[in-house]
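As structure tokens, the structure follows; a few thoughts come after it.
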Amino acid sequence: MTIVTRFAPSPTGLLHIGGVRTALFSWLFARRHGGRFILRVEDTDRERSTQEAVQVILDGMQWLGLSHDEGPYYQTRRFERYAEVLQQLLAQGKAYHCYCSKDDLEEMRTAQLARKQKPRYDGRCRGRSSPVAGVAPVIRFKNPLDGDVIVEDLVHGPVVFRNDELDDLIIARSDGTPTYNFCVVVDDSDMHITHVIRGDDHLNNTPRQINMLRAMGFTPPAYAHVAMILGADGAKLSKRHGAVSVLHYREEGYLPEALLNYLVRLGWSHGDQEIFTLEELTRLFDITEVNKAASAFNPEKLLWVNQQHMMRAPLPYLAGVLREQLLRLGIETDDQPLLEGIVAGQRERAKTLKEMAETSRYFFGAEVEIDDKSGRKHLTGAGLAMLGRLRSALEALTDWSAAGVHGALTAIATESGVGLGKVAQPLRVALTGTAVSPPIDATAALIGRERVLRRLDAALVWAQTAGV
RNA sequence: GCUCCCUUCGUCUAGAGGCCUAGGACAUGGCCCUCUCAAGGCCAGUACACGGGUUCGAAUCCCGUAGGGAGCGCCA
């Protein structure tokens with residue numbers, strides 16, 4: 001049997017990390033078993049669905065590399081099929097027209113709640129044989145009255161629901177359009193979905209879906225309900241705590257494979273391993289090992305995972321991502337060796353590519369602005385004197401490489417009888433404007449001889465005009 | 001209100017009756033390394049929600065309590 005999974009978001013909001021994680025689980029499960037992964041857009045709510053939201057889903061999935069083998073399917077284009085199944089159910093007496101008004105239903109609900117009962121439709125239109133004039137009816141599914149439905153959940157184990165807890169749900173609105181639970185069931189069976197992996201907020205819907213599937217003569221798929229992701233504060237995911245479009249993480253300089261790695265570890269583990277490649281995940285991930293409890297989103301750990309991936313990723317790849325981030329800062333470059341050199345020097349100093357771009361400005365442009373505090377600390381007194389020695393030594397340097405610069409600096413340190421720090425820091429401030437950078441020899445090599453000498457001159461001027 | 005789900009360090013997790021004086025990771029603190037900052041290494045503190053059982057023995061099994069979440073829509 002070929003495994004077929006699906007990701008079925010509704011384009012009514014943004015695609016955030018909670019959705020991404022269930023998509024990832026579905027995708028990994030399909031990939032692991034050599035199956036197919038289907039993307040289906042559940043847009044039957046025409047009021048709230050938007051084309052922008054659809055685009056965000058598509059872009060997000062693409063950025064993450066969660067490629068689908070089929071689709072995207074749109075439920076709004078399958079109305080004919082739903083109508084067909086609706087008619088069939090009606091003809092077989094497995095569904096019926098209900099003429100109750102919204103007011104009737106509301107009244108019923110409040111009365112039941114007042115009696116401390118679970119609000120549910122009482123089935124009063126079940127036996128009705130004639131229409132009510134002037135009322136457009138909804139269609140309800142005739143749910144079994146007794147017995148149990150057992151959901152054999154891959155993560156929760158068996159979950160038992162009593163049929164008398166369920167009621168006759170509406171499967172078509174009075175305007176004829178089908179509703180969510182009904183469309184899902186028709187789609188999952190039409191698309192031959194073998195494993196439904198979704199958020200556990202759907203666990204309660206599952207017995208109804210199973211009943212409908214059976215009424216239609218279909219075999220229910222296997223289900224796996226995974227917990228939702230909580231905000232960093234342990235409360236429901238909010239705007240402030242990660243409920244932002246997944247593309248936000250791209251803008252913030254995260255690597256998609258790092259985000260996926262972080263997300264898969266929420267509720268799943270493999271020994272003590274923290275960092276996984278996508279290839280490893282498709283080999284190791286197992287939906288039945290996923291935890292049942294919800295887990296909180298931890299931005300700090302995401303940052304760490306991202307850096308770990310940056311430290312392992314190929315330089316040319318990272319150079320490309322850094323280039324995009326630099327573009328956002330108005331820095332445009334195609335100097336691939338320079339980009340790769342920056343990445344090599346900065347990737348263990350930055351948690352994201354965005355941060356890397358921001359702290360790498362001094363590799364570009366002719367001049368650099370000297371940070372006042374750093375300048376006062378390192379470009380005065382002995383530091384100022386060091387600037388002159390640096391200037392002449394570096395001007396005379398023929399081997400303009402990290403090793404060459406390093407040799408020149410140690411020579412100066414030895415001659416001056418000071419530690420390397422007394423040489424490196426003034427140079428660092430002169431070249432970068434700050435007291436922090438990758439190893440100064442590599443930094444100088446990357447910046448290049450011309451600009452190094454010019455910046456040393458500028459630093460001398462700064463020290464004089466700063467009047468310190 | 002009713003039904004369903006969940007509960008190990010601050011956070012993510014390991015743990016499927018003795019291997020647990022509960023392991024790893026992020027974060028935090030200290031030390032080492034060191035041209036800065038990082039990265040890396042070493043060390044430290046912090047957890048089985050609570051109460052009953054079952055058992056020679058329970059984080060692990062059972063029951064209850066508490067807390068959290070979800071569903072109960074002509075939303076998905």
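Throughout, a chain's letter reflects where its sequence line sits, starting with A, and its residues are numbered from 1. On a predicted model such as this, the values are computed, not experimentally measured, just so you know.
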So if I define the base as every atom that isn't primed, P, OP1 or OP2, how would nucleotides 67-76 of chain B read as a B/S/- string at a heavy-atom cutoff under 4.0 Å? ---BBBSBBB
Quick check: do A/Leu453 and A/Leu394 have side-chain heavy atoms less than 4.5 Å from each other? yes
Nucleotide nearest A/His156 (side chain, heavy atoms from C-beta), chosen from B/C37, B/G24, B/C5: B/C5
What distance, rounded to whole Å, do you find between the two C1' atoms, one in B/U46 and one in B/C63? 31 Å
Regarding A/Arg208 and the six-membered ring of A/Phe141, is the cationic atom NZ or CZ under 6.0 Å from the ring centre and inside 45° of its axis? no
What's the closest nucleotide to the side chain of A/Lys301 if the choices are B/C12, B/A27, B/U13? B/C12
Proximity to the side chain of A/Gln308 - top-ranked nucleotide from B/U3, B/G40, B/U13: B/G40
May I ask you to evaluate whether A/Asn291 reaches the phosphate of B/A14, defined as a side-chain N or O under 4.0 Å from OP1 or OP2? yes
Assuming nearest nucleotide by heavy-atom distance, tell me which of A/Arg349 and A/Val159 is located more 5' along RNA chain B. A/Val159
Between B/G45 and B/C2, how far apart are the C1' atoms? Round to whole Å, please. 45 Å
I'd like the C1' distance from B/C19 over to B/A59, given in whole Å. 15 Å
Has A/Asp146 got more than 12 heavy atoms of other residues, nucleotides or ligands less than 6.0 Å from its CG? no
Under a 3.5 Å limit for both distances, which nucleotide forms a Watson-Crick or G-U wobble pair with B/U28, could you say? B/A44
Given the options A/Thr22, A/Val41, A/Ile197, A/Phe7 meets side-chain contact (heavy atoms from CB on, under 4.5 Å) only with A/Thr22
Are OP1 or OP2 of B/U34 and a side-chain N or O of A/Gln425 less than 4.0 angstrom apart? no
Between B/G41 and B/G24, how far is it from one P atom to the other, in whole Å? 14 Å
Can you tell me, in whole Å, how much space there is between the P of B/G53 and that of B/G17? 23 Å
In whole Å, what separates the P atom of B/U8 from that of B/G69? 15 Å
Quick check for you: among B/C35, B/C12, B/G23, whose closest atom lies nearest to any side-chain atom of A/Asp272? B/G23
Could you give the distance separating B/C72 and B/C48 at their P atoms, to the nearest angstrom? 36 Å
If we call it a pair only when both distances are under 3.5 Å in a Watson-Crick or G-U wobble match, what pairs with B/A59? none
Separation between the P atoms of B/U7 and B/G15, rounded to whole Å: 14 Å
Just wondering, more than 12 heavy atoms not from A/Lys94 lying within 6.0 Å of its NZ? yes
Can you tell me the pairing partner of B/U7 across any strand shown, Watson-Crick or G-U wobble, with both distances under 3.5 angstrom? B/A66
Do A/Asp148 and A/Asn163 make a side-chain contact, defined as non-hydrogen atoms from C-beta onward lying under 4.5 Å apart? no
I'd like to know whether NZ of A/Lys142 has more than 12 heavy-atom contacts from other residues, nucleotides or ligands below 6.0 angstrom. yes
